[in-house]
Amino acid sequence: MQQQNIPIGTLVDMYKRGELRLPEIQRHYVWRATRVRDLLDSLYRGYPSGSILMWETDEPVPTRDFAIAQETTAFAGRKLLLDGQQRLTSLTAVLGGELVQVRGRKRPIDILFNLDHPDGPPADDTEVTSDEDSPVAADDELADDADAGEDADDSEQGLQEKLNRRTFVVASKNLASLPNWVSVTQVFSTEGDAPLLKKAGITSFDDPRFQRYSDRLKKLRAIKDYTYVVHVLERSMSYEEVTEIFVRVNSLGAKLKSSDLALAQITSRWPNLLKELEAFQEECEKSAFTIDMGHLVRSIVVFATQQCLFRSVASTPVEKLKDGWAQAQEGLRFAINFLRSNAGIEDESLLSSPMFLHVLAALSCVKDNKLTADEQRQLLHWLLVANARGRYSRGSTETLLNEDLAIIFRSGNVAALMEPLKRQFGRLHVEPGDLAGRGVGSPLFSLAYLALKAQGAKDWYSGLGLSLTHQGKLHFIQWHHVIPKSLLKERGYEPGEINEIANMAFITGQTNRRISNKEAVEYLRDVVAKQGAAALQSQCVPVDEALWSTERYRDFLSVRRQALADRMNAFIREKSGT
């Protein structure tokens, strides 16, 4: 194995020119903007930041596109990047101002540099995140106020002091307008320091900040000269051998999820599988269901091995995996249709865990899509209760899923799925106390939405029924604090009480903004006057005006918890016929 020392600037140029390619075994770009911020901080300080692993080969290996568009070159495909994709993509985006493709959208990664940062080691609140398995960068992760808005409860002055201790932050409009904060991309695209120093308010060489700022800009630009150790695997190695190295390297530091490693092992024996998985993802998106790549890989494992653990992938014949994928697609189609049509679950956000997809898919296969009327009711009852209770949201989720899969594959007895659920939770119906202190992260929150929607709940101003598929941002359904959050905070209520499910109603974004933080007594009277008391009753909001007062908030919670619990239990009975 060869070893070379290559500066970041050279690696970025190789990336842009298309001399580096991405093998199919690699995952998508997944870094959050905060990870990019921390990488720049480490490089600026000269800290170690790992090495790069490549494979130089003439084999016709299946590849995938980087998150940044590359030039076409005669040298494309000679060097495949096995380790370092996240870092090089991030650096290419920031240093060159290139747009990154994330979830079908192209956008920049904008990081700001503090010309006035303190000397010495980084502050405690800028420690590098160690979670290498962080979620895929969401649409609003790459270029929003991620740093400026990290603690909404901080005073403005306290927040500014906190940010001023940092060297790099994710860009926000407010910070970018301040004289001491400059865009890292702008620094690398600007020749000379004059425009940057002028923005910082320096008009003379005599300014005591001139030399300090100039030195810091020079040090920032020197990131291009930071040298990575690049290991290059020999041409004589086979694709399967290289895949094994890839899996081992990425297993050591838990940099990749087990599903990513399983996918790498499968694609080394099954070229172009990734394209099939991505095509199926797009098909599911048309039904408003987003299925993570890891769960598509898990679905292959479930149908090929009748259990959900990824460790069996390496020993499973590729033909068996292919048969499993063919069955998995039909099973997942049934699962999505059952969720939407039978349970009223419009998209995956209403599931407390994606694991439910595998149970429904497996049952579809075992039953050959022939469920009796009783089995349909039993399955729906199990789904609604298990989802509301968070069957796969705690403990060893794979163990729990395997327990349910074993019932399905061995007997196909739908009713038997309730037994493990009873052992896990005991009582299955919802009581008012279950809602105390529970917020939007609770599985019961989705049940509240489904139960109120089925009861005919509508937006309080427009009259639109509840749906996650409304067109236009103004009509997107949001949750809203019935008794305004800011008013409750002023009166000393704890966050757990303020953000309870029992204080949430479902309305459109436009209505949410119209209400803002008006006193509940004021705006609820207006709702009743224009829409009638039924508008509140359909959302289980008490019509007794005395309970709308902020001073009676705990009484309001007590009454609404009871109403919501009753409605949730009734909804499950109505839907499942139990």
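We number each residue from 1, following the sequence as shown.
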Can you confirm whether the side chains of Thr227 and Asn5 place a donor and an acceptor under 3.5 Å from each other?
no
Can you confirm whether more than 12 heavy atoms, excluding those of Arg491, are under 6.0 Å from its CZ atom?
yes
Is atom CD of Glu551 surrounded by more than 12 heavy atoms (other residues, nucleotides or ligands) closer than 6.0 Å?
yes
Note, Leu175 side chain near Val169 side chain (heavy atom, < 4.5 Å)
yes
Would Asp225 and Lys219 count as a salt bridge (Lys or Arg N to Asp or Glu O under 4.0 Å) if you check the C-alpha gap in whole Å, the side-chain angles of each, and the deciding distance to 0.1 Å?
CA-CA 10 Å; Asp225 301 321; Lys219 183 178 177 182; over 6 Å; no
Glu500 and Arg560 ion-paired at < 4.0 Å:
no
Supply the atom-to-atom distance Tyr213 OH to Asp207 CG, rounded to the nearest 0.5 angstrom.
8.0 Å
If only side-chain N and O atoms count, and only distance matters, is there a donor-acceptor pair under 3.5 Å linking Thr550 with Glu519?
yes
Using side-chain hydrogen bond (donor to acceptor under 3.5 Å, both in side chains), reason through Glu71 and Tyr15 one step at a time and then give a plain yes or no.
CA-CA 9 Å; Glu71 299 173 10; Tyr15 185 116; over 6 Å; no
What is the minimum heavy-atom distance between Arg561 and Ala436, and which atoms define it?
NE-CA, 3.8 Å
Tell me whether Arg552 is salt-bridged to Asp555, with the criterion being a basic N under 4.0 Å from an acidic carboxylate O.
yes
Val12 side chain near Lys16 side chain, heavy-atom distance below 4.5 Å
yes
Hydrogens and angles aside, do Gln86 and Arg35 bring a side-chain donor and acceptor to less than 3.5 Å of each other?
no
With heavy-atom distances below 4.5 Å as the criterion, would you say the side chains of Leu447 and Asn387 are in contact?
no
Any donor and acceptor pair, going by atom type alone, linking the side chain of Ser393 with main-chain N or O of Ser352 inside 3.5 Å?
yes
Tyr44 and Phe113: CA distance, side-chain angles, deciding distance, ring-ring contact (aromatic ring centres under 6.0 Å, His included) verdict:
CA-CA 10 Å; Tyr44 179 73; Phe113 174 68; 5.3 Å; yes
CG of Leu95 to CG of Leu40, rounded to nearest 0.5 Å, is 7.5 Å
Angle class for the Trp460/Tyr523 ring planes (parallel below 30°, perpendicular above 60°, tilted otherwise)?
tilted
Is Glu98 salt-bridged to Lys106, cutoff N-O under 4.0 Å?
no
Do Tyr449 and Phe506 pass the ring-ring contact (aromatic ring centres under 6.0 Å, His included) test, and can you show the C-alpha distance, the side-chain angles, and the key distance before you say yes or no?
CA-CA 7 Å; Tyr449 170 82; Phe506 298 98; 5.2 Å; yes
Could you walk me through whether Thr34 and Val170 satisfy the side chain to side chain contact (heavy atoms under 4.5 Å, CB included) test, starting with their C-alpha distance in whole Å, then the side-chain angles of each, then the deciding distance to 0.1 Å, before giving a yes or no?
CA-CA 6 Å; Thr34 49; Val170 178; 4.0 Å; yes
No-hydrogen, no-angle side-chain donor-acceptor test under 3.5 Å, Tyr228 and Gln4:
no
Within the structure provided, determine whether Ser49 and Tyr226 are in side-chain contact (heavy-atom separation under 4.5 Å).
yes
Regarding Arg391 and Thr397, is there a side-chain donor-to-acceptor distance under 3.5 Å anywhere?
no
Does a side-chain heavy-atom distance below 4.5 Å link Val100 with Pro108?
no
Between Lys79 and Glu56 (salt bridge meaning N to carboxylate O under 4.0 Å), is one present in this structure?
yes
Walk me through whether His481 and Asn499 qualify under side-chain hydrogen bond (donor to acceptor under 3.5 Å, both in side chains).
CA-CA 7 Å; His481 291 78; Asn499 299 313; 2.8 Å; yes
Under the criterion side-chain hydrogen bond (donor to acceptor under 3.5 Å, both in side chains), I'd like the reasoning laid out for Arg311 against Ser258: C-alpha separation, chi angles, the key distance, then a yes or no.
CA-CA 8 Å; Arg311 62 189 179 210; Ser258 53; over 6 Å; no
So, using side-chain hydrogen bond (donor to acceptor under 3.5 Å, both in side chains) as the criterion, who are the partners of His295 when residues are at least two apart?
His358
Expected output: side-chain Ser442 to main-chain Gly439 donor-acceptor under 3.5 Å:
no
Do Gln2 side-chain atoms and Leu233 backbone N/O form a donor-acceptor pair below 3.5 Å?
no
If we only count heavy atoms from C-beta on, is the Leu487 to Glu490 side-chain gap below 4.5 Å?
yes
Asp38 vs Arg32, test: salt bridge (Lys or Arg N to Asp or Glu O under 4.0 Å). Steps then yes/no.
CA-CA 10 Å; Asp38 295 337; Arg32 296 178 183 271; over 6 Å; no
Hey, mind stepping through Asn114 and Asn180 against side-chain hydrogen bond (donor to acceptor under 3.5 Å, both in side chains) and telling me if it holds?
CA-CA 6 Å; Asn114 184 7; Asn180 60 306; 2.8 Å; yes
Ring pair (Phe, Tyr, Trp, His ring centres under 6.0 Å) partners of Tyr553, counting only residues at least two apart
Tyr493
How many angstroms lie between CG in Leu296 and CG in Leu263, if you round to the nearest 0.5 Å?
9.5 Å
Can you find a side-chain donor-acceptor pair between His231 and Asp83 that sits under 3.5 Å?
no
Under a 3.5 Å distance rule, please check whether Arg298 uses its side chain to pair with a backbone N or O of Cys308 as donor and acceptor.
yes
To the closest 0.5 Å, what do you measure between CZ (Phe556) and CH2 (Trp548)?
10.0 Å
Distance alone, cut at 3.5 Å: any donor-acceptor contact between the side chains of Glu285 and Thr290?
yes
Test item: Thr10 side-chain N/O and Ile6 main-chain N/O as donor-acceptor pair under 3.5 Å:
no
Can you name the closest pair of heavy atoms from Leu20 and Phe66 and give their distance?
O-CE1, 3.3 Å
Are side-chain N/O atoms of Glu278 and His28 paired as donor and acceptor at under 3.5 Å?
yes
Is the shortest distance from a Lys or Arg side-chain nitrogen in Asp193 or Lys199 to a carboxylate oxygen in the other one below 4.0 Å?
no
Does the pair Asp110/Arg37 count as a salt bridge with the N-to-O cut at 4.0 Å?
no
Within the side chain of Gln26, is there an N or O that forms a donor-acceptor pair under 3.5 Å with the backbone of Leu80?
no
Measuring only between side-chain heavy atoms, which start at C-beta, is Leu112 closer than 4.5 Å to Leu178?
no
Once ring pair (Phe, Tyr, Trp, His ring centres under 6.0 Å) is applied, do any residues pair with Phe289, and if so which ones, sequence neighbours excluded?
none
Could Arg212 and Asp116 be called an ion pair, given the rule that one side-chain N must be under 4.0 Å from one carboxylate O?
yes
Using 0.5 Å steps for rounding, measure from the CD1 atom of Ile223 to the CG atom of Leu91.
8.0 Å
Return yes if a side-chain donor-acceptor contact under 3.5 Å exists between Asn174 and Ser172, otherwise no.
no
Check whether any side-chain heavy atom of Gln186 lies under 4.5 Å from a side-chain heavy atom of Leu196, and answer yes or no.
yes
What's the spacing between Asp434 CG and Arg438 CZ if we round to 0.5 Å?
6.5 Å
